[in-house]
Amino acid sequence: LPTKLGVIGGGVMAEALISRLLAHNTYTADDIAVGEPTAARRQFLLDTYGVTVCDRNGDALATAETVLVAVKPQVFTHITGDLAAITAARPLILSIMAGVPLQTLEAAAPQCPVVRAMPNTPATVGAGMTAIAAGQHVTPDHLAQADAIFAAVGEVVTVPEHLMDAVTGLSGSGPGYLAVIIEALIDGGVSVGLPRATAQTLAIQTVLGTATLLQTTDLHPAVLKDRVTSPGGTTITGIAELEAAGVRSALIEAVKAACQRSQDLGSA
Ligand SMILES: NC(=O)c1ccc[n+]([C@@H]2O[C@H](COP(=O)([O-])OP(=O)(O)OC[C@H]3O[C@@H](n4cnc5c(N)ncnc54)[C@H](OP(=O)(O)O)[C@@H]3O)[C@@H](O)[C@H]2O)c1
């Protein structure tokens, strides 16, 4: 059977995508072939998902209409030959390699439609945020296809490539910021007498619930804040402390610094 999706690198992010693309019936196991160097990992992917697994990337890509590049960026130079070998068929190439620009990808796969994607860690539980940027040979159909593939692991937005560093600073690094915020909320709970496990449940569900509320209702965050602050009440008292500590500014500067760091790493 001809393979529809060829995957280079059967790691964490590739598995997140494969498992949900199969669950959503976007592809069947027969449609997917994965090139992966580690034998134990190949066996795991075969046993768990029934996808074709290959020692040599070329075998996984031979008939692929769409190619997902899911290796670490440092490995990219080792797989450019595998891409060059299949450019004649003009497959749609999707890259999730952090920091590898479209120009570099297009040089490795001349004339091919290339989409660069930046997913984040919650993609591994289907709650990801992926930004995609289109290369010069990408048609609206290609972009829709890329969108459908990354939609399997969460939300998708399309941005011009020059905003990828900004995306990295917000949604890419954001899970780290929120982990720190949640940990601090838990410590706050413990400091006012809650058992740690209880504080953890309260903190996580509060963050998740607030995000779900904002997403579901489309309410502006400032409107929600106004609604939950009664005059002289507990919430405005807590917010006054957040403002005094410069929480807004800290978060704004965190996104700016991470964006700058992403730019620096990209041009290094
Ligand atoms: N995980 C995330 O949350 C996340 C978020 C945003 C972006 N990304 C990006 O996604 C990419 C993949 O990340 P990941 O977390 O999925 O990494 P990962 O789990 O390390 O997956 C990479 C896989 O590629 C395999 N590999 C190494 N060399 C190869 C080669 N020459 N040919 C084929 N496969 C090869 C690795 O096998 P071995 O283990 O045997 O080396 C590994 O299974 C990275 O560029 C990362 O920046 C990840």
Between Ser191 and Gly188, which heavy-atom pair has the shortest distance, and what is it?
OG-O, 2.7 Å
Is there a side-chain contact between Val157 and Val167, using heavy atoms and a 4.5 Å cut-off?
no
Would you say Leu143 and Leu5 are hydrophobically clustered, going by side-chain heavy atoms of ILVMFWY under 4.5 Å?
yes
Would you say the side-chain atoms of Arg42 pair up with the backbone N or O of Pro37, donor to acceptor, closer than 3.5 Å?
yes
Check whether Ile181 and Leu202 end up in the same hydrophobic cluster, where Ile, Leu, Val, Met, Phe, Trp and Tyr are linked by side-chain heavy atoms less than 4.5 Å apart.
no
Side chain to side chain contact (heavy atoms under 4.5 Å, CB included) assessment of Glu65 paired with Leu92:
CA-CA 6 Å; Glu65 296 163 2; Leu92 170 61; over 6 Å; no
Between Glu106 (side chain only) and Gly135 (backbone N and O only), is there a donor and an acceptor less than 3.5 Å apart?
no
Checking side chain to side chain contact (heavy atoms under 4.5 Å, CB included) for the pair Leu94/Phe150: CA distance, chi angles, key distance, verdict?
CA-CA 10 Å; Leu94 311 175; Phe150 290 106; 4.2 Å; yes
My understanding is that a hydrophobic cluster links ILVMFWY residues whose side chain heavy atoms are under 4.5 Å apart, including indirect links. Using that, what else belongs to the cluster containing Leu214?
Leu213, Leu219, Val223, Leu224, Val228
Measuring from Ile32:CD1 to Thr66:OG1, what's the distance to the nearest 0.5 Å?
10.5 Å
Salt bridge (charged side-chain N to carboxylate O under 4.0 Å, His left out) with Arg90: which residues, sequence neighbours excluded?
none
For Gly6 and Ala64 the tightest heavy-atom approach is N-CB, 3.5 Å
Are any of the side-chain heavy atoms of Val69 and Met97 separated by less than 4.5 Å?
yes
Return the CD to CZ distance between Glu15 and Arg41, rounded to the nearest 0.5 Å.
4.5 Å
Could you state whether Leu68 and Leu61 fall into the same hydrophobic cluster, counting links through intermediate Ile, Leu, Val, Met, Phe, Trp or Tyr residues with side-chain heavy atoms under 4.5 angstrom apart?
no
Transitively linked via ILVMFWY side-chain contacts under 4.5 Å: Phe44 with Met13?
yes
Minimum heavy-atom distance Asp165-Ser262, with the two atoms named
OD1-OG, 2.6 Å
Distance-minimising heavy-atom pair for Val34 and Gly9
CG1-C, 4.3 Å
What one should report as the nearest heavy-atom pair of Ala33 and Ala60 is CB-O, 3.6 Å
Determine whether Ile8 and Tyr49 fall in the same hydrophobic cluster, where Ile, Leu, Val, Met, Phe, Trp and Tyr are linked whenever their side-chain heavy atoms lie under 4.5 Å apart.
no
Search all heavy atoms of Ala134 against all heavy atoms of Leu102 and return the closest pair with its distance.
O-CD1, 3.4 Å
Can Val207 and Leu185 be said to form a side chain to side chain contact (heavy atoms under 4.5 Å, CB included), step by step?
CA-CA 10 Å; Val207 171; Leu185 288 171; 4.1 Å; yes
Nearest 0.5 angstrom please: His162 NE2 to Gln263 CD, how far?
11.0 Å
Assess the side chains of Thr28 and Asp31: does a donor N or O sit below 3.5 Å from an acceptor N or O?
yes
Flag the pair Ile252 / Ser249 as yes when at least one side-chain heavy-atom distance between them is below 4.5 Å, and no otherwise.
no
Student check: side-chain heavy atoms of Leu105 and Ile93 closer than 4.5 Å:
no
Can you list, pair by pair, the side-chain donor-acceptor contacts under 3.5 Å of residues 112-126, counting residues two or more places apart and other chains?
residue	atom	partner	partner atom	Å
Arg116	NE	Val100	O	3.4
Arg116	NH1	Glu161	OE2	2.8
Asn120	OD1	Met129	N	2.9
Asn120	ND2	Ser171	O	3.0
Thr124	OG1	Thr121	O	2.8

Are the side chains of Arg196 and Asp187 in contact, using a 4.5 Å heavy-atom criterion?
yes
Looking at CG of Asn25 and CZ of Arg20, how far apart are the two atoms once the value is rounded to the nearest 0.5 Å?
14.5 Å
Connected hydrophobic set around Tyr177, excluding itself, where side chains approach under 4.5 Å:
Leu170, Val255
May I have the list of side-chain donor-acceptor pairs in residues 74-87 shorter than 3.5 Å, sequence neighbours left out?
residue	atom	partner	partner atom	Å
Thr80	OG1	Thr77	O	3.2
Asp82	OD2	Asn57	ND2	3.0
Thr87	OG1	Ala84	O	3.1

Return yes if a side-chain donor-acceptor contact under 3.5 Å exists between Asp141 and Gln145, otherwise no.
no
For the atom pair CD1 (Ile186) and CD1 (Ile204), what is the distance rounded to the nearest 0.5 Å?
5.5 Å
Which pairs, with at least one residue in residues 209-226 and sequence neighbours excluded, count as a side chain to side chain donor-acceptor pair (under 3.5 Å)?
none
Straight-line distance of Thr52 OG1 to Asp30 CG, nearest 0.5 Å
7.0 Å
Apply side chain to side chain contact (heavy atoms under 4.5 Å, CB included) to residues Leu17 and Val7 and explain how you reach the verdict.
CA-CA 10 Å; Leu17 279 157; Val7 181; over 6 Å; no
